[in-house]
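Please read through the structure below; I'll follow up with questions.
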Amino acid sequence: MKKIFTALLSASFLLSPIVASEASAADHRRPPVVVHKKVVVEKKVVRRHHWSRGYRMSAAERGRYGEVRDYRRYRLAPPPRGYHWVRADNDYLLVGVATGVITSIIAANR
């Protein structure tokens, strides 16, 4: 029984490279597959937002623009309690924390 098993095992090892080479040769005979892809390029138009006093910023807008914690560096007055400075489009806005209403705007030099 051991001799038959050993003979079958050795035959499988010897025949496996032959079968694999025939399979790879069959792959080379197939014509190449051509895939046509349509590429669409959309231009993104960036529009500058003109801020105004009394405008209510949504939560998404407040999350998009960065809060200015070191207001002295930008020569801004300390914000009153319940307000914080937000930098948006190179402008500095004094925005209410709870309401999101813009109370003051300092435009940067352009």
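Note that the structure is a prediction, hence the values are computed from the model and not measured. Sequence positions, counted from 1, serve as the residue numbers for this chain.
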Check your understanding: What's the spacing between His84 NE2 and Arg69 CZ if we round to 0.5 Å?
Key -> 9.0 Å
Review point. Looking at residues at least two apart in the chain, or sitting in another chain, which of them share a side-chain contact (heavy atoms from CB on, under 4.5 Å) with Val101?
Key: Arg56, Thr99
Study note, to complete from the structure: Sorted by chain and residue number, the side-chain contact (heavy atoms from CB on, under 4.5 Å) partners of Val35 (sequence neighbours excluded) come out as Val33, Lys37
Exercise for review: Could you list the residues that satisfy side-chain hydrogen bond (donor to acceptor under 3.5 Å, both in side chains) with Arg53, not counting sequence neighbours?
Suggested key: none
Review point. In the hydrophobic clustering that connects Ile, Leu, Val, Met, Phe, Trp and Tyr at side-chain heavy-atom distances below 4.5 Å, which members other than Val41 occupy its cluster, ordered by chain and number?
Key: Val39
Check your understanding: In Å, rounded to the nearest 0.5 Å, how long is the span from CD1 of Ile102 to CG of Leu93?
Key -> 4.5 Å
Point to revise | Partners meeting salt bridge (charged side-chain N to carboxylate O under 4.0 Å, His left out) with Arg72 (sequence neighbours left out) | key: none
Check your understanding: Who passes salt bridge (charged side-chain N to carboxylate O under 4.0 Å, His left out) against Arg81, sequence neighbours left out?
Key -> none
**Study point:** Under 4.5 Å side-chain linkage, directly or through intermediates, the cluster mates of Ile106
**Key:** Val68, Tyr71, Tyr74, Leu76, Tyr83, Trp85, Tyr92, Leu94
Check your understanding: What closest approach, in Å, do Val95 and Arg62 show between heavy atoms, and which atom pair accounts for it?
Key -> CG1-CD, 4.4 Å
